[in-house]
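Input: a single structure, listed below in structure tokens.
Each chain gets a letter, A, B and so on, in the order its sequence line appears, and its residues count up from 1. As a basis for the values below, the full set of heavy atoms in this structure was taken, side chains included, without hydrogen atoms, waters or symmetry mates. Just so you know, these numbers come straight off a predicted model, no measurement behind them.
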Amino acid sequence: MLFAALFAASSVAQFTGVRRLRAPTFSKEIMNRTFATLTTATLLAFSLAACSTDDAETASTEAVAPETDMSTAGMDAALTLEDGWVKSADEGMTGAFGTLTNHTAEDIEIVSVEADFADMPQLHETVTDSAGASQMQQVDGFVVPAEGTYELAPGGDHLMLMGLNEAVESGTTADVTLVADDGTEWLLELPVREFDGAEETYDEGQSEMNMDMDSDEMTSDQ
Amino acid sequence: MIPSRPQSPGAGPGRRTLIGGGLASLAAAGAGVVVGRESLGDQSASSELSNSAQDSPVPAGELKYEFYADRQTGVAEEPQPYATLIALDLKDGAGREELQRLMRIWTDDSARLMSGAGPLTDQEPELAKRTSGLTITVGWGPTLFAKAELEEVQPTWAKPLPAFDKDSLDPAYVGGDLVLQIAAHSPMTVAHAQQELINGAETLVDIRWIQTGFREPMERNGWSMRNLFGQVDGTVQPVIDGMDSGLVWQEEGQEPGWDNATAMVIRRIAMDMASWERADRPARENAIGRDLSDGAPITGGGADANADLEATNDLGLRVINPAAHIRRAAAVEPHQRFLRRPYQFHESVGTQMQTGLIFIAFQTDPVRQFVPVQQRLDEADLLNIWTQAVGSALFAILPGVAPGGYLGEQFLEG
């Protein structure tokens with residue numbers, strides 16, 4: 001967890017202007033750089049992380065402050081994704097999961113998701129229909145309550161990544177961007193894992209139905 | 001196998017320790033060194049086991065070992081009562097890239113499981129909460145290096161063991177590209193960790209063999225255990241944190257990148273219970289050279305006493321039979337010793353039971369340490385009447401890793 005917190009102060013200059021959520025993954029290079037950039041912001045980020053992460057060192061995906069503007073570091077830790085991950089898939093579609101955690105006193109509304117490897121990324125919720133079956137449907141946004149969390153889980157609400165244009169392989173990482181209603185973006189670097197569950201999410205018939213439905217919704221929204 | 005010098009493996013304060021609390025855990029994680037309850041409290045160089053779970057105020061179910069450290073766990077820790085060993089092969093066509101992905105996954109999963117959190121994809125995280133002293137140990141087999149284009153970093157000793165005449169090897173229990181050793185004080189903890197580690201790697205590896213073993217969970221004898229022949233095994237061990245550390249852990253300069261690695265020998269040894277039943281107690285004690293009641297050498301002294309291999313009886317015959325196990329297994333050179341961490345197996349096959357020992361030994365160089373001893377036992381050992389090796393494998397247990405890294409990273413990056 002200490003490591004995760006140190007990551008919060010790591011500087012990623014090329015993402016200036018974009019708040020970067022980054023899973024503390026496997027790069028020693030980045031770790032070393034992190035130790036070289038210890039600042040007050042680190043301590044702030046650490047204290048925030050300490051509230052919400054568990055023992056696993058790689059458990060937390062932390063906001064990373066742009067190097068050129070350390071004053072925003074505290075704000076950049078506004079949203080974290082704990083234990084975030086993406087299900088591996090060769091083609092078709094997949095999902096991303098984890099616990100969104102809002103460290104601020106204001107609600108944060110996520111209104112869209114973006115990923116280079118998925119042509120049609122969406123925010124989905126899972127509801128139970130009158131027949132008792134799970135149904136997925138696109139939603140306009142996830143509101144992460146002030147000082148609260150919002151669970152993204154198989155069988156529950158999740159980031160739906162449809163129209164894969166490349167394989168998403170286990171043991172690699174996948175970049176996914178969350179966009180808030182005020183335009184703020186968080187780039188997540190999420191570990192990819194094999195997972196046999198979340199089957200309902202990827203059922204072919206279901207997905208076609210949902211995609212049709214989603215398309216309709218998108219049309220009507222616009 | 002019972003070497004001749006009575007020593008306990010655990011001694012000094014440098015021993016790997018149990019992590020009792022969050023602060024110790026943090027300190028260990030951040031600094032990449034192992035700091036914990038035992039080493040803080042016990043600075044004496046006692047010959048007693050310093051990390052005995054029995055001595056710990058922490059209930060066995062709550063024991064935790066820190067994954068991120070210089071050395072992997074599951075070697076120097078007092079053997080937990082339950083273990084599963086899994087040998088795996090890279091899928092056909094898989095190579096270095098797939099190995100790298102696998103090591104990243106297993107590193108993260110292992111760290112989480114040992115800390116009490118499930119892996120990211122765990123659908124039964126409640127089963128991960130009770131860590132029960134879980135250790136997960138990862139090693140590479142001799143056949144892996146060519147498949148992953150890593151011949152340049154293959155240690156000289158990381159090659160298949162030589163053939164032994166008395167072995168009757170079942171291919172189902174031989175070799176493997178990779179090994180996972182999962183051990184804990186609870187069989188539930190072991191089973192859950194096994195399930196998770198395999199689930200997360202199904203597209204990368206195929207399982208070659210699985211061996212499940214146990215030791216007496218109700219008696220904490222430290223490193224020794226009774227096997228199902230009733231013998232006390234594992235009394236004599238190298239002092240791995242003291243003078244004999246170099247017998248178990250690779251030291252700087254031996255093999256680049258392999259500091260703090262160790263070599264793991266796994267031998268599946270069938271025990272013929274039916275014919276053992278026909279052997280009387282004196283014959284049994286003669287075969288091993290030890291008293292069955294307490295494991296002491298039949299030449300006298302306590303369990304920890306040195307066997308007097310030269311002692312003779314009234315007739316001028318040697319008290320310890322020329323082919324007694326402890327004589328044949330005794331180190332004739334100081335380096336012919338290794339850390340033994342065996343488990344028993346007792347499994348049903350239809351209406352029959354298969355009984356035996358999963359012999360596990362850790363050493364720096366199996367060619368110098370294990371092989372000459374096994375060659376002597378192969379040549380003559382009274383225990384061979386009742387025992388036979390049916391499985392054999394060797395793995396290079398990777399050095400440990402610091403937070404942010406992954407096992408084998410030094411060989412797989414760039």
Side-chain angles (χ1 to χ4, degrees), chain A residues 1-7 10 22-35 46 49-50 53-61 81-90 95-99 152-155 167-173 190-199, chain B residues 19 21-23 25-32 64 66-68 97-125 128-129 131 196 198-205 401-410 412-414:
Chain A
M1 193 194 66
L2 176 59
F3 179 67
L6 289 172
F7 246 101
S10 173
R22 187 186 179 97
T25 50
F26 308 101
S27 167
K28 275 187 175 164
E29 184 190 343
I30 289 171
M31 187 170 71
N32 293 338
R33 193 170 58 203
T34 302
F35 281 104
F46 178 57
T53 56
D54 58 23
D55 289 336
E57 270 68 44
T58 54
S60 171
T61 304
L81 182 67
E82 312 297 328
D83 294 339
W85 59 282
V86 176
K87 172 175 167 158
S88 62
D90 289 338
F97 313 97
T99 304
L152 303 176
V168 184
E169 296 182 319
S170 63
T172 65
T173 55
L190 301 176
V192 181
R193 292 291 184 266
E194 287 182 37
F195 185 63
D196 292 332
E199 281 301 307
Chain B
I19 302 299
L23 280 176
S25 189
L26 265 181
K64 276 184 196 177
E66 174 61 42
F67 174 82
Y68 290 108
E97 187 204 320
E98 286 77 12
L99 177 63
Q100 184 181 45
R101 287 164 48 200
L102 178 69
M103 290 296 109
R104 284 176 167 160
I105 294 167
W106 276 352
T107 297
D108 187 41
D109 287 358
S110 299
R112 288 171 185 273
L113 283 162
M114 285 172 57
S115 77
L120 289 170
T121 55
D122 197 345
Q123 301 234 71
E124 304 87 27
K129 278 184 183 167
T131 47
E196 290 298 314
I198 297 304
N199 281 352
E202 273 174 348
T203 62
L204 299 170
V205 285
V401 63
Y406 64 91
L407 292 168
E409 182 176 14
Q410 64 271 45
L412 291 166
E413 292 291 325

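Glu194(A) places a side-chain N or O within 3.5 Å of a backbone atom of Thr203(B) that can act as its donor or acceptor partner.
Applying the side-chain contact (heavy atoms from CB on, under 4.5 Å) test to Glu98(B) and every residue at least two apart in sequence or in another chain returns Ala94(B), Arg101(B), Leu204(B). Shown here are the side-chain hydrogen bond (donor to acceptor under 3.5 Å, both in side chains) partners of Asn199(B), two or more places apart in sequence or in another chain: there are none.
You'll find the side chain of Arg104(B) stays beyond 4.5 Å of the side chain of Thr173(A), heavy atoms only.
Interatomic distance, CZ of Phe97(A) versus CG of Leu120(B), reported as 11.5 Å (0.5 Å rounding). Here the straight-line distance linking atom CD of Glu202(B) with atom CG of Asp196(A) works out to 5.5 Å at 0.5 Å rounding.
Closest approach of Thr121(B) and Phe195(A) over heavy atoms only: O-CE1, 3.4 Å.
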